[in-house]
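Every number for a ligand or one of its atoms is a count from 1 in the order of the listing.
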Amino acid sequence: MSSKSILSFLFLLVLPFSSSSDTTGWIKSGFWYAGSDLAVPEIPSTMFTHLHFAFAYINASSFELYISYSDEPYISTFSETVKKTNPSVITLLSILGGKDKSPDFFAMTSQFSRRKSFITTSIRTARQYGFQGLELNGVNPNTAANMTNMRTFIEEWRTAINSESKSSGTKRLILIMGAHYSPMLESMIYPVETILRNFDWIHVKAYDYYLPTDDNTTGAHTALYDPASTRNTDYGIKEWIKNGLPANKIVLGLAYHGYAWTLVNPNHNTVGSPSRGLAITRDGSMSYRYIKRYMKSYGGIPVYNSTYVVNYVTIGSFWIGYDDVEAIRTKVSYANGKGLRGFAAFQIPSDDVDWELSKAASGEEEDHRGSKRRLLAILLPTITITVLLISTIVCILKKKTMRSEGIEVLNERAIGSNLIVFSFDQIKEATDNFSIKNKIGEGGFGPVYKGRLSDGEEIAVKRLSECSKQGVEEFRNEVTLASKLQHVNVLQLQGFCIEREEKMLIYEYMPNKSLDFYLYDPVKSLKLDWESRVRIIEGITQGLLYLQEYSTFTVIHRDLKASNILLDDEMKPKISDFGIARLFQKDEKEANTGKIVGT
Ligand SMILES: *[C@@H]1O[C@H](CO)[C@@H](O)[C@H](O)[C@H]1NC(C)=O
Ligand SMILES: *[C@@H]1O[C@H](CO)[C@@H](O)[C@H](O)[C@H]1NC(C)=O
Ligand SMILES: *[C@@H]1O[C@H](CO)[C@@H](O)[C@H](O)[C@H]1NC(C)=O
Ligand SMILES: *[C@@H]1O[C@H](CO)[C@@H](O)[C@H](O)[C@H]1NC(C)=O
């Protein structure tokens, strides 16, 4: 059984749904990101008229279009696979021009020969893999020279596409653009006239208006309206139209992700409340699927705010702003009412397991949901925990890491700054000179001791035995990186100590030992009732999804075992040892360059 199918089984992802098929020019498009954990055959193709394969890139030296090595197996079968369930779905190859300044894109557009390399290879690749169109995504020119080059490029691209169609006698490739929510960029306006003449349509990225990495108050990142600001979709759409783009050339982008903030005061928890920065994930971004799971585990009642047309939920001091079913529905009906061309969901894999958002967007009825929930409640506890758990963990982690375009650059200020540097004497005292009675384990990387700091706080000290080869600076960097992974189901690194040839990692202490302590002992395993087992599976899965989504620690799967799942005082699981594996296996680290995010 493949890792993907195990996951599906575990959460009963694959549930049948009905589909309607009235499509009179209304575009229902969605993105599939090749780095996501949704297998191509599981894409609910029947809910969409267009599917984007994301992403192809621009080679910075040859200026040809390129597909990253790890995505090649998917791109070659993508069109064919999604057409099996929906023969009329149109597939589009999405090309990431870049983020922010898009240096590769603008370097490409600056010379005729480079443009030619790109244009030729983009058309060839689309044809080779059965795509019916190309999309240029994420290009925001910010100098006049960039703008001029971009215009020239667009004209040449369209000309080449038209003539390829004539000479090959095949249907012309669709050409579209994923654009900023408003034509107004920082210092420029998009060349609306050129866009109108050459692109079949554009889809506006009507999200990411507020980010916990940039804004010190909570924000409606998908605000449809905002009486107090221009950062909202209605404003952007009106600007596009005002600047000459007809409504029927505009497809409305929908976000299937939200953002999590840490509130200054949990009682001040509406849109615009003071925030200390991001929460839960490395950059605060969370897929809808993850948000739902998070709420299921930790509670929280979603609030719908019709002023902005967004949802948010407060959980402790965390505040998550996102679009739930009612927000998505309202946005789609807004698009309809404004005479827009359709919607573009970014991205399908972030949708909940039963495709709630996609169903809402495509206007499908959500029947039988209650009965699915009941089924889930009956089936889940009967899943055999031990075997499945371990194999799932191993398989999940073998997969490629998941990234979403919502992930922005890490905010160095907000996280990682709490790491404590301990002195050797402090640790020595806390562990009673590394006394054997305080030794609580022996991991692959050295012994682990329980300690008690002078203020009474209990800690776990991992005394690394083999990484002395590594330089101090390098060690510090790795540790800082590991400390940035912050999730309730991931063991939190609290600090470190580098002194006298010693390298030690200091973690929070977990009183209930590790999962293997319960699993393989018939008496102790009785302590775990079904309910807590299910909670543990859910917790581990959340932790893994998080690590998978946000970490660059691609080596975890070699180390993860039941003994690395620690249990806190409430029997909540925390994954340990994911980060330090990397300290020992740097050479084997997978090259992750050229990826859009998480870098
Ligand atoms: C980019 O093109 C150069 C020159 O053709 C080639 O050597 C290199 O491998 C390409 N890089 C990628 C990532 O495809
Ligand atoms: C595009 O703009 C950037 C500045 O953002 C500049 O560095 C670059 O040289 C420009 N490229 C071209 C081809 O004009
Ligand atoms: C929040 O950010 C604004 C600018 O974006 C700044 O003027 C203000 O001082 C900041 N407030 C705090 C408490 O950091
Ligand atoms: C939406 O949120 C704003 C700001 O938090 C608040 O002023 C407004 O009353 C809310 N509107 C609704 C309908 O909940």
Side-chain angles (χ1 to χ4, degrees), residues 34-35 53-76 93 95-99 102-111 113-122 124-126 128-129 209-210 212 215-235 258-261 263-275 300-314 317-331 334 400 403 590-597 599:
F53 180 98
F55 288 104
Y57 303 86
I58 300 167
N59 181 320
S61 60
S62 69
F63 299 101
E64 296 183 338
L65 178 116
Y66 87 90
I67 313 299
S68 82
Y69 179 71
S70 58
D71 295 347
E72 261 169 23
Y74 303 108
I75 196 172
S76 55
L93 178 58
I95 300 155
L96 195 69
K99 299 197 77 79
S102 328
D104 297 349
F105 176 80
F106 289 111
M108 180 273 284
T109 56
S110 68
Q111 285 178 22
S113 60
R114 294 175 175 181
R115 294 194 296 268
K116 191 165 179 220
S117 296
F118 176 81
I119 288 170
T120 312
T121 50
S122 68
R124 194 170 65 211
T125 308
Q128 180 181 353
Y129 298 129
Y209 301 145
Y210 298 89
D215 298 285
N216 55 21
T217 53
T218 60
H221 95 92
T222 51
L224 179 56
Y225 305 104
D226 186 342
S229 153
T230 58
R231 284 198 253 177
N232 68 82
T233 303
D234 183 53
Y235 170 84
Y259 288 97
W261 272 262
L263 295 166
V264 170
N265 178 348
N267 298 322
H268 294 167
N269 53 16
T270 55
V271 175
S273 298
S275 142
I301 297 159
V303 175
Y304 174 63
N305 184 305
S306 58
T307 307
Y308 301 96
V309 187
V310 294
N311 294 82
Y312 60 82
V313 60
T314 309
S317 59
F318 296 162
W319 188 94
I320 307 169
Y322 66 105
D323 278 3
D324 214 317
V325 166
E326 53 279 59
I328 291 287
R329 227 181 247 139
T330 308
K331 279 163 190 160
Y334 167 92
K400 310 182 323 158
R403 303 161 205 94
E590 237 177 71
N592 239 339
T593 48
K595 286 292 180 182
I596 44 164
V597 284
T599 46

How far is [atom] from the closest protein heavy atom, and which atom is that?
atom	result
atom 3 (C) of ligand 1	Ser61 OG, 3.4 Å
atom 4 (C) of ligand 4	Val271 O, 3.7 Å
atom 5 (O) of ligand 1	Ser62 CB, 3.7 Å

(request) State whether Asp323 and Lys331 are salt-bridged, where the test is any N-O pair (Lys NZ or Arg NE/NH1/NH2 against Asp/Glu carboxylate O) under 4.0 Å. (result) yes
(message) Under 4.0 Å between a side-chain nitrogen and a carboxylate oxygen: does that hold for Arg114 and Asp104?
(response) no
Taking atom types as modelled, is there a side-chain donor on [X] or [Y] under 3.5 Å from an acceptor on the other?
X	Y	answer
Ser306	Tyr225	no
Tyr322	Asp324	yes
Tyr209	Thr233	yes

(message) Contact between Pro227 and Thr307 at the side-chain level, heavy atoms closer than 4.5 Å - yes or no?
(response) yes
(request) Verify whether the ring centers belonging to Tyr57 and Tyr66 lie closer than 6.0 Å. (result) yes
(message) Any protein heavy-atom neighbour for atom 14 (O) of ligand 1 (distance below 4.0 angstrom)?
(response) yes
(request) Take atom 9 (O) of ligand 1 and look for protein heavy atoms under 4.0 Å from it; say yes if you find one, no if not. (result) no
(message) Ser306 versus ligand 4: do any nitrogen or oxygen atoms come within less than 3.5 Å of each other?
(response) no
(message) With respect to Thr307, determine whether any N or O atom, backbone or side chain, lies less than 3.5 Å from an N or O atom of ligand 4.
(response) yes
(message) Any nitrogen or oxygen of Asn59 lying under 3.5 Å from a nitrogen or oxygen in ligand 1? Just yes or no.
(response) yes
(request) Would you mind running through ligand 4 and noting each atom that sits below 4.0 Å from a heavy atom of Thr270? (result) 5 (O)
(request) Look at atom 6 (C) of ligand 4 and find which of Asn305, Val309, Val310 reaches it with the closest heavy atom. (result) Asn305
